Number of protein chains: 2
Amino acid sequence: MAFENYTIKDIAKALNLSTSTVSRALRDSYEISTDTKRMVLEYAAKINYRANPIARSLKEKKSYSIGVIVTEIANNFFSQVIDGIESVAYSKNYQVVISQMRESSVRERSNVEYLYSRSTDGLLIALSSETTDLSYLEQLMNKGFPIVFFDRVPNDLACHKVIADNRQGGFDAIQYLVRKGKRKIAHLTGTKKLSITMERLEGYKMGLEANGLPYLPELVKHCEYGGLHQDEIEQAVTELLQEEYDAIFISGDKLSMGYLQAMKARPGADLTKIDVTGFTNSKVVNLFSPPITAVRQPAFEMGEKAAELLIQQIESKHLIEEFETIVFPTTLIEQSVSD
Amino acid sequence: MAFENYTIKDIAKALNLSTSTVSRALRDSYEISTDTKRMVLEYAAKINYRANPIARSLKEKKSYSIGVIVTEIANNFFSQVIDGIESVAYSKNYQVVISQMRESSVRERSNVEYLYSRSTDGLLIALSSETTDLSYLEQLMNKGFPIVFFDRVPNDLACHKVIADNRQGGFDAIQYLVRKGKRKIAHLTGTKKLSITMERLEGYKMGLEANGLPYLPELVKHCEYGGLHQDEIEQAVTELLQEEYDAIFISGDKLSMGYLQAMKARPGADLTKIDVTGFTNSKVVNLFSPPITAVRQPAFEMGEKAAELLIQQIESKHLIEEFETIVFPTTLIEQSVSD
DNA sequence: CTGAAAGCGCTAACAG
DNA sequence: CTGTTAGCGCTTTCAG
């Protein structure tokens with residue numbers, strides 16, 4: 001009996017009221033007498049009435065769902081962001097609809113359009129490695145469709161953005177390595193199309209400069225798909241091993257893990273000599289061997305914040321004029337050398 | 001925050017047709033002339049018409065979305081399962097709506113009810129550690145609401161189930177440890193309420209018996225919340241350290257990682273002596289120190305299969321009579337001792 | 001305070 | 001082949 005699909009009509013009939021009265025009573029309208037309200041509410045509770053949200057959506061042009069687009073779900077950083085998003089959405093009674101674009105701008109676009117046409121009320125998105133043309137997103141935003149970007153954000157679009165302090169994170173990484181006596185620090189990163197790549201690269205350069213170290217382009221390797229395919233990383237490592245370097249700063253979760261794997265698989269490589277510091281949100285970096293010093297982003301909190309901004313924008317009566325860019329600090333997590 | 005969108009009415013008006021004709025043309029109905037169809041399709045494409053799925057849902061009582069309920073998203077196993085689910089859903093044009101219950105049966109239920117009332121077309125669920133009363137799920141299923149269980153499945157409900165061969169996985173783990181010369185093998189696992197706990201425990205017992213080893217209850221520790229909170233694990237480890245054991249078999253991702261963390265944090269514990277074999281879907285187990293031998297489930301494939309079964313059930317005209325239980329093999333991944 | 005009626009955008013009898 | 005009509009379940013004027 002718990003799950004019959006009653007409608008407002010059933011309640012109206014049973015109580016000898018009109019559907020509008022019932023609707024209003026349910027929504028606690030001021031124009032309904034307390035007696036009627038109580039009656040309706042009681043009966044509704046008794047039959048375990050649940051409003052049909054589809055009908056409500058159609059009427060209100062609002063679906064209480066938000067779309068999320070990420071590279072892939074099975075990724076430390078993204079899954080933690082989604083955790084944060086879901087937490088906020090749950091507390092505000094929104095559903096979270098997820099899709100993956102696997103670094104393809106085509107899939108990104110088809111997902112955006114699908115989510116838009118399926119009347120999600122807004123979108124949270126981290127751009128794909130391939131994306132250069134943002135005009136379709138801009139058009140949607142101009143139509144009033146709320147979009148909040150996180151992690152990988154557009155440069156010159158007026159919108160809410162939630163990011164980590166990538167520049168500082170990169171800078172800290174270099175400072176740390178230099179303090180450990182490293183002088184030739186390589187950099188493994190993603191495509192230049194992404195904001196995170198450029199910001200972390202800047203941090204890297206700033207770090208070098210602050211320590212009077214030269215910037216050597218041959219020590220910087222870009223993986224166009226952010227290490228989504230291990231081949232990219234193998235290729236980069238092969239190239240790097242022809243250079244001389246005593247430490248490496250890596251600009252992403254997938255890349256960091258992939259680099260360690262690649263090195264582990266090369267019998268020749270001496271893992272103890274080349275220090276690794278990399279962006280990663282793995283919760284078990286301290287268990288790794290060879291060790292890796294992690295640059296950690298507050299992924300959960302970033303997800304929370306992004307969801308809050310989005311829902312706030314969705315529920316705002318007027319068009320947002322002032323867009324915010326929220327920057328979260330990163331944390332450097334050094335692996336204890338207990339063993 | 002509304003924005004203009006074309007409707008079937010706009011097309012009808014522009015083309016001097018009735019809405020029903022347009023609707024039928026759009027759906028490629030046999031009763032519409034090819035000429036009219038072409039005209040409608042062309043115009044629709046020109047104005048970039050997108051059908052309002054909410055309206056369609058209301059009419060058809062079908063939303064082309066499926067709900068997924070897991071403990072948490074930021075988990076190796078679950079995120080990989082969701083990856084598989086999303087892949088299949090994407091290819092069949094279904095949306096994936098995600099929610100987390102964090103081992104709470106209350107949250108599980110509220111999520112189920114919410115997803116149901118929001119007219120998702122079906123549900124994929126791995127039960128919470130607390131859940132004992134399945135009657136509300138049974139009621140939904142009796143009403144014809146499609147639910148496919150994966151990983152943590154009910155014992156005696158007629159439904160599709162997708163699981164790993166947990167018994168065999170446990171058995172293999174013990175065989176492996178015994179072959180390495182271990183004789184006192186502990187077991188760290190979750191609550192007895194869960195199918196996976198009982199099956200893996202059985203595998204453990206079978207393994208012991210097959211090797212003429214005694215089953216010692218004091219070597220088996222249950223964490224009621226599957227290690228969701230690290231305290232549980234600390235507690236179990238503290239208890240275990242008072243026993244004598246030379247190896248341990250661990251029954252879940254969270255527990256495996258948590259155990260390694262707990263041990264690492266205890267200066268006294270000699271990590272090299274106690275071999276660890278555990279269920280985990282981490283893709284970097286081979287980088288761990290202390291090493292862990294992984295019992296790996298084909299999580300992605302399990303997600304794919306579960307989604308396929310669900311969508312098949314959703315789209316089937318008649319009630320399913322024969323339910324399937326799909327069992328996937330596990331793989332034992334030994335860490336190479338290269339360093 | 002309550003009810004009648006219109007309509008959100010779409011589909012599907014039922015008539016032509 | 002195409003149009004008319006009647007809803008899906010809910011909200012919301014507009015009248016009483």
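Predicted model, so just to flag it, every value in this text is computed and none were measured. Computation of the quantities below employed the complete heavy-atom set of this structure, encompassing side-chain atoms and omitting hydrogens, waters and symmetry-equivalent molecules. A note on names: the letters A, B, ... follow the listed sequences, proteins ahead of strands, and every chain is numbered from 1.
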Checklist entry - Does any pair with a residue in residues 300-309 of chain B pass side chain to side chain donor-acceptor pair (under 3.5 Å), and if so which ones, sequence neighbours excluded? => result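 Passing the test, one end in residues 300-309 of chain B: no pairs.
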
Whole-Å distance between [N] [atom2] and [X] [atom1]?
{"X": "B/Y30", "N": "D/dT2", "atom1": "OH", "atom2": "P", "result": "13 Å"}
{"X": "A/K13", "N": "D/dG9", "atom1": "NZ", "atom2": "P", "result": "11 Å"}
{"X": "B/N16", "N": "D/dT2", "atom1": "CG", "atom2": "P", "result": "13 Å"}

Next on the checklist: Using a 6.0 Å distance limit plus a 45 degree cone around the ring axis, check whether B/R24 lies over the aromatic ring of B/Y30.
Outcome noted: no

Checklist entry - With the sugar-phosphate defined as primed atoms, P, OP1 and OP2, and the base as all remaining atoms, what B/S/- string results for nucleotides 9-16 of chain C, 5' to 3', for protein heavy atoms under 4.0 Å? => result BBBBBB--

Checklist outcome for this item: Shortest non-hydrogen pair, A/F323 vs A/H160, comes out as CD2-N, 3.4 Å

Item to check | Any A/S33 side-chain N or O less than 4.0 Å from OP1/OP2 of C/dT2 | outcome: yes

Item to check | B/D10/B/K13 ion pair, N-O < 4.0 Å | outcome: no

Checklist entry - So B/Y64 and B/Y94, would you call those rings parallel, tilted or perpendicular, with 30° and 60° as cut-offs? => result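 The arrangement is tilted - the two ring planes meet at 30° to 60°.
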
Checklist entry - So what does B/T36 hit on the nucleic acid, given a heavy-atom distance under 4.0 Å: a base, only sugar-phosphate, or nothing? => result sugar-phosphate

Next on the checklist: Does A/Y6 form a ring-ring contact (aromatic ring centres under 6.0 Å, His included) with A/Y49? I'd like the steps, not just the answer.
Outcome noted: CA-CA 6 Å; A/Y6 293 103; A/Y49 166 81; 8.1 Å; no

